[in-house]
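Chain letters run A, B, ... following the sequence lines, proteins first, then strands; residues in each count from 1.
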Number of protein chains: 2
Amino acid sequence: MFEKYLEEVSKTSLFQGIERVDILAMLNCLKPRVCSYNRNDYIVTGGDPYESVGIVLKGAATVSKENAEGNRIVMTLLKQGDIFGEIIAFSSQMNWPATVQAQETCVVLFLPRGKIVGECDRMCSWHRTLIQNFLRVISERAMMLNKKVEYLTIKSMRGKISTYLLEQYRREGDVNITLPLNRNELSDFLNVSRPSMSREMSKMKDEGIIDFHFTAVKIRNIEGLKHMSAL
Amino acid sequence: MFEKYLEEVSKTSLFQGIERVDILAMLNCLKPRVCSYNRNDYIVTGGDPYESVGIVLKGAATVSKENAEGNRIVMTLLKQGDIFGEIIAFSSQMNWPATVQAQETCVVLFLPRGKIVGECDRMCSWHRTLIQNFLRVISERAMMLNKKVEYLTIKSMRGKISTYLLEQYRREGDVNITLPLNRNELSDFLNVSRPSMSREMSKMKDEGIIDFHFTAVKIRNIEGLKHMSAL
DNA sequence: TTGTTTATGTATCCTCAGATACCGACTTAG
DNA sequence: CTAAGTCGGTATCTGAGGATACATAAACAA
């Protein structure tokens, strides 16, 4: 029954490390609902009662939120294999805090919140694996959010850029960094305007702290950078 | 063996909704380590290998982080009953990202990460409850962080204040709001300076959008407020 | 090739909010 | 009672960074 979705489901972070056969058994036990949507269809609407975690099996969708004024603001893009609503599933929140809308033809699989920890009479062995995966996914999301908060809390332009570069440096272990984001994405991530960011980066280049050409950045003065990150 | 800690443990969010007798059984099965610390002792140090979730049974502690410069920045205060490191437990992170230091004489209980989902041969029934609680706690933390990100992402003073007031309004369902934070705490939460916030609030008072006296705030023009929250 | 689009750097202008200092109203300790 | 501390509002000054517009340069399509 769920064979045709097996390929996609197995790639999902939620089902990582679980054998294909087991996934199939799990799906048959969890009895998820699978729905198709056309471009611009609402997959879930903010305020709706929450009951399932969603998995995008096919297509792409946007997560957006309306502010009090009524303007819609896109918060994330969901691609094939992404999951949504996983944070809400186990919190006390009863309604969707955001709207998910199909950006193109979409197939979405819904895992009912109750079934996940639920009273599976056979207490199937892989329930534990699934729950562990849930814990991992949610924890990682929380870690990510935590890091984002750290960045957003930094007040100065320099501080943000320096902290970001130092983190990339630590990750790559080399003063020659290749940024994973272009200027637009980076300025967006740091929550600043692109020209302002460019301006500051150029200043830092003039001061001999860094050098760069597009996404290739070289740290010329690490101590200086560390100094700046405290601003 | 763990009787003397029972009182404190049962108040913890992790053990919420679990019977005293069961908690005792759980503790005997989980075999947590309990340690005491004096003022200023390091409970965990950033970079140390991570292995347990901590629960503050007695006393208070600070969570801090060092930036590249070497300055220590306090991130949170932990009080009796608070837990720490719960987000890390199930992520792939292998080390403590921050330092926890005793602010006064402290007693801390450590639940080994492995034991929580672990291979309890009897697969004790309350394992599931504990894991569910973990899921709830971590999800709620993620939701909280998500909200924090939303606030930090708002760029203008007005936007922050308006959004905050509207949220309080929604929560209380009344245009007469009693702020749960004083000015210092509020400006801190919104990540702005107190005088700037006061200045803007006064402007909004002049414009007839709100009225306030200390923590008592009255919304005079909701539509106006909603309008501002989009800035 | 040439035209078109997209990514990046740069200059100008000007506003918003941070820093700092100070005042007055209350509270608490002695 | 005075003295010291806390909390909130206000004034002034200043600068960091946003908005906008434009100039290259690269990428890509026709």
With salt bridge (charged side-chain N to carboxylate O under 4.0 Å, His left out) as the test, would you mind laying out the steps for A:R20 and A:E7 before giving the verdict? CA-CA 9 Å; A:R20 298 284 180 106; A:E7 181 62 24; 3.4 Å; yes
Run the numbers on B:V53 and B:F134 for side-chain contact (heavy atoms from CB on, under 4.5 Å), then give the verdict. CA-CA 11 Å; B:V53 178; B:F134 250 104; 3.8 Å; yes
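No more than 12 heavy atoms of other residues, nucleotides or ligands sit less than 6.0 Å from atom NZ of A:K147. Crowding of A:K148 atom NZ: a count of heavy atoms from other residues, nucleotides or ligands under 6.0 Å not exceeding 12. No more than 12 heavy atoms of other residues, nucleotides or ligands lie within 6.0 Å of NZ in B:K58, so this atom counts as exposed by the packing criterion.
Applying the side chain to side chain donor-acceptor pair (under 3.5 Å) rule to pairs touching residues 75-91 of chain B yields B:E86-B:R141, sequence neighbours excluded. Listed by first then second residue, pairs satisfying salt bridge (Lys or Arg N to Asp or Glu O under 4.0 Å) with a partner in residues 174-189 of chain B number zero, not counting sequence neighbours. Listed by first and then second residue, the salt bridge (Lys or Arg N to Asp or Glu O under 4.0 Å) pairs involving residues 151-162 of chain A are A:R158-A:E200, A:R158-A:E207 (not counting sequence neighbours).
Side-chain atoms of B:T99 come within 3.5 Å of backbone N or O of B:G46 as a donor-acceptor pair.
For the helix from C:dT1-D:dA30 to C:dG30-D:dC1, the end axes, each set by the C1' atoms of five terminal pairs, are bent relative to each other by 40° (nearest 10°).
What you find for B:A61 and B:I43 is that their closest heavy atoms are CB-CD1, 4.0 Å.
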For nucleotides 10-26 of chain C, 5' to 3', base contacts (B), sugar-phosphate-only contacts (S) and non-contacts (-) with protein non-hydrogen atoms under 4.0 Å give B-B----BBBB------
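Contacts between chain B and DNA chain D, taken as any atom within less than 4.0 angstrom of a protein heavy atom, begin and end at D:dG8 to D:dT12.
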